[in-house]
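Because the structure is predicted, anything quoted here is derived from the model rather than measured.
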Amino acid sequence: MAHGDQTQDKMSEVAFDFICTSCDRENKTFEAVKYCMECAGYCCQSCTDMHIRFPALKVHNFLDVSQGSQSGKQQARVPEFPTERCNIHIGKVVDLYCKRHDSVGCVTCMATDHKSCAGRQIYSIPDMLHTLCNLSDSEQTQDRLKQMMVSLTTLDKSKEVLLRTLETAKKEAIQQIEIFQNALHAILRKAAESSKQEVEEAYNNLEEEIRQDKLCLTKTNDVVQDAGEKLDKTVANRAQRFVRTIIAKKTIKAAEQIKQKMDDKKDGILMFKPNKSLIKSIKSLQGVGNVQIIKKKKHDLYKLRGSKDINMKVTDDSKDCDCCDSCITYDNRLIVTDDKNSKLKHVDIHLLTVVEDCPLDSSPAGICSVNQNEIAVACFSPNKIQFVSIEDQMIPTRHIDMNHKCMGIATKDDKLYVTDESSSLYVYDMAGTMLKTISTDNTGNKVLTNSKHITINESGNKMFVADWNNGLVCFDGEGSYLTTIKDNALRNVYGACVDNRGNIFVTSVNSHNVIQYTEDGNKIGVVVQQKDGINGPISVCYHQGLNRLFIIKFKSNVLKMYELE
């Protein structure tokens, strides 16, 4: 490509055989036309002309980068020299390779850090280019850089989710403090404020910890991205590509260590436990409970701490309840669908009682939260998606008629995902336009036979469909089939939900339990079983802030609430 006056930014995807060494240091990309023997670097046309302007530079010897001269006579191709400068010994060119340590460096690096490797272990990159390039795995390293960027970005998103969950946990803890404070009246006000401060301090400490993790991930991701971009641009200059490949591998190794450290790290959970014995020693109190930060690995098995029954039947119900699904709204309301009575029911998550019901003109099945002011309900008889406003109270608004049965429903990125209790998963926009139908894997084999509820993980890159016959069917964020989680303990799967740590809770109707898996399908263990008071669980909903499971039993007036630890 001819050299123009317009600056090429480093982020540009333009790739040259050789780039100007001086311009590269200024984060600009220009095509090199000459190689200066005295400067030991490539020069673009402008930098070549600059040599002519200064007397001291006029005597420098240039080699033409091109294969042939204008006269048509064949000219030897200029040797390929690395242009990477040492970030420790400023100005030195990285042109030596230590085979023993699989490391590149300048002459000073090798003299100081690789004394014992002198001799057969140290190679001049330009002199041994053909041999060394045979050892290079640039393409594989480039792929690993890209994979690492994806992993770091996913981990960063999980930290963002953790921040939002922490915010919710803080609000829930404050609310619990206030409820308990009201029971103790004026004498507890000072103690309550003390506990609030403790929550704030715990929250600030956790927030700072998470933000430091995010900052580390962002910086690491930038380094990985920079290495990837540099390696991507170095195409024909094999020496420079070799140097940047080695540097990229070091970058990957450092990023892997950071990622492993993050994966192994125990995330903190902020909780507040009221001390009900305070009434006996009220005047000596410094707080109204204990603020706890519970560190758990991502995939520790949850344990039951207690349970309560919630009566779902209200006075004007004409039939016994047959609840089907539930969801937690953005403002922490628990909304449950009641098929037999064609209603939505709002359960107060603190009082554990139905405080509001909303009649519908169709039988509700699945339910999901759309935004702060709206929920969406999958209905049948007739088949439609019913939107319901929840600003003050529940009020049905618009609806979308469907030509298939509607069972499970979820939302992501302004799209609706709907199952049909058969062999398909449908994708619609919010106006009701069908965007896609998913029913097979990439070989054309059906992956769904009796689809029920659907859930999407916190980062939005995986969807899980409960299938009565097959198990838990997993798709990526675009709807492509990934795998199916099958287990002898899973007999007739109906519902599923996720937490914020990469776990899935799956209901098995005929084995009468709820099983915890990782998003990769690894079984953690049984969380709730028949002896814990569960029979035929068809839906499960997890509240992040309170660390509670709400489980709907088959054809029952009772909704079970389980506190976890």
Closest non-hydrogen atom pair between [X] and [Y], with its separation:
{"X": "Cys379", "Y": "Pro364", "value": "SG-CA, 4.1 Å"}
{"X": "Thr397", "Y": "Val388", "value": "OG1-N, 4.1 Å"}
{"X": "Val94", "Y": "Pro82", "value": "O-CB, 3.1 Å"}
{"X": "Cys497", "Y": "Thr455", "value": "CA-OG1, 3.7 Å"}
{"X": "Asp476", "Y": "Met463", "value": "O-CE, 3.4 Å"}
{"X": "Glu160", "Y": "Lys214", "value": "OE1-NZ, 3.1 Å"}

Between [X] and [Y], does any side-chain donor sit less than 3.5 Å from a side-chain acceptor?
{"X": "Glu201", "Y": "Asn205", "result": "no"}
{"X": "Glu193", "Y": "Gln197", "result": "no"}
{"X": "Gln516", "Y": "Asn503", "result": "yes"}
{"X": "Thr440", "Y": "Asn445", "result": "no"}

CG/Asp331: more than 12 non-hydrogen atoms of other groups inside 6.0 Å: yes
Heavy atoms of other groups near Lys171 NZ, more than 12 under 6.0 Å: no
Sub-4.5 Å side-chain heavy-atom contact between Val528 and Leu304: yes
Pairwise side-chain contact, Cys86 with Cys109, heavy-atom cut-off 4.5 Å (strictly under):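 Yes, close enough: below the 4.5 Å cut-off.
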Near-ring test His543/Phe550, centroid separation under 6.0 angstrom: no
Output field: ring centroids Tyr542/Phe505 closer than 6.0 Å: yes
Carboxylate-amine/guanidinium contact [X] [Y], below 4.0 Å:
{"X": "Lys345", "Y": "Glu356", "result": "no"}
{"X": "Asp348", "Y": "Arg333", "result": "no"}
{"X": "Asp300", "Y": "Arg501", "result": "no"}
{"X": "Lys415", "Y": "Asp413", "result": "no"}
{"X": "Glu256", "Y": "Lys253", "result": "no"}
{"X": "Lys462", "Y": "Asp520", "result": "yes"}
{"X": "Lys452", "Y": "Asp467", "result": "no"}
{"X": "Lys159", "Y": "Asp267", "result": "yes"}
{"X": "Asp24", "Y": "Lys28", "result": "no"}

side-chain hydrogen bond (donor to acceptor under 3.5 Å, both in side chains) evaluation trace for Tyr330 with Asn373: CA-CA 8 Å; Tyr330 282 80; Asn373 302 316; over 6 Å; no
Test salt bridge (charged side-chain N to carboxylate O under 4.0 Å, His left out) applied to Lys436 and Glu478, step by step: CA-CA 10 Å; Lys436 186 187 296 186; Glu478 302 302 318; 5.2 Å; no
Full working for side chain to side chain contact (heavy atoms under 4.5 Å, CB included) between Ile438 and Val427: CA-CA 8 Å; Ile438 305 163; Val427 185; 4.0 Å; yes
Chi angles and distances behind the side chain to side chain contact (heavy atoms under 4.5 Å, CB included) call for Tyr517, Leu490: CA-CA 11 Å; Tyr517 296 88; Leu490 285 177; 3.3 Å; yes
Side chain to side chain contact (heavy atoms under 4.5 Å, CB included) between Tyr428 and Leu435, intermediate numbers included: CA-CA 5 Å; Tyr428 295 90; Leu435 305 177; 5.7 Å; no
Sole candidate of Glu207, Glu209, Glu208 that passes salt bridge (Lys or Arg N to Asp or Glu O under 4.0 Å) when paired with Arg211: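 With Arg211 as partner, Glu207, Glu209, Glu208 yield a single salt bridge (Lys or Arg N to Asp or Glu O under 4.0 Å), made by Glu207.
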Check against salt bridge (charged side-chain N to carboxylate O under 4.0 Å, His left out), Lys265 and Asp213: CA-CA 10 Å; Lys265 191 172 185 179; Asp213 286 348; 2.8 Å; yes
Verdict with supporting geometry, Leu425 and Tyr417, side chain to side chain contact (heavy atoms under 4.5 Å, CB included): CA-CA 7 Å; Leu425 169 64; Tyr417 298 83; 4.2 Å; yes
Verdict with supporting geometry, Glu200 and Asn204, side-chain hydrogen bond (donor to acceptor under 3.5 Å, both in side chains): CA-CA 6 Å; Glu200 290 289 349; Asn204 291 337; 4.7 Å; no
The single option from Val540, Val336, Ile534 passing side-chain contact (heavy atoms from CB on, under 4.5 Å) against Ile552: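 In the set Val540, Val336, Ile534, the residue that makes a side-chain contact (heavy atoms from CB on, under 4.5 Å) with Ile552 is Val336.
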side-chain hydrogen bond (donor to acceptor under 3.5 Å, both in side chains) assessment of Asn470 paired with Thr484: CA-CA 7 Å; Asn470 293 349; Thr484 299; over 6 Å; no
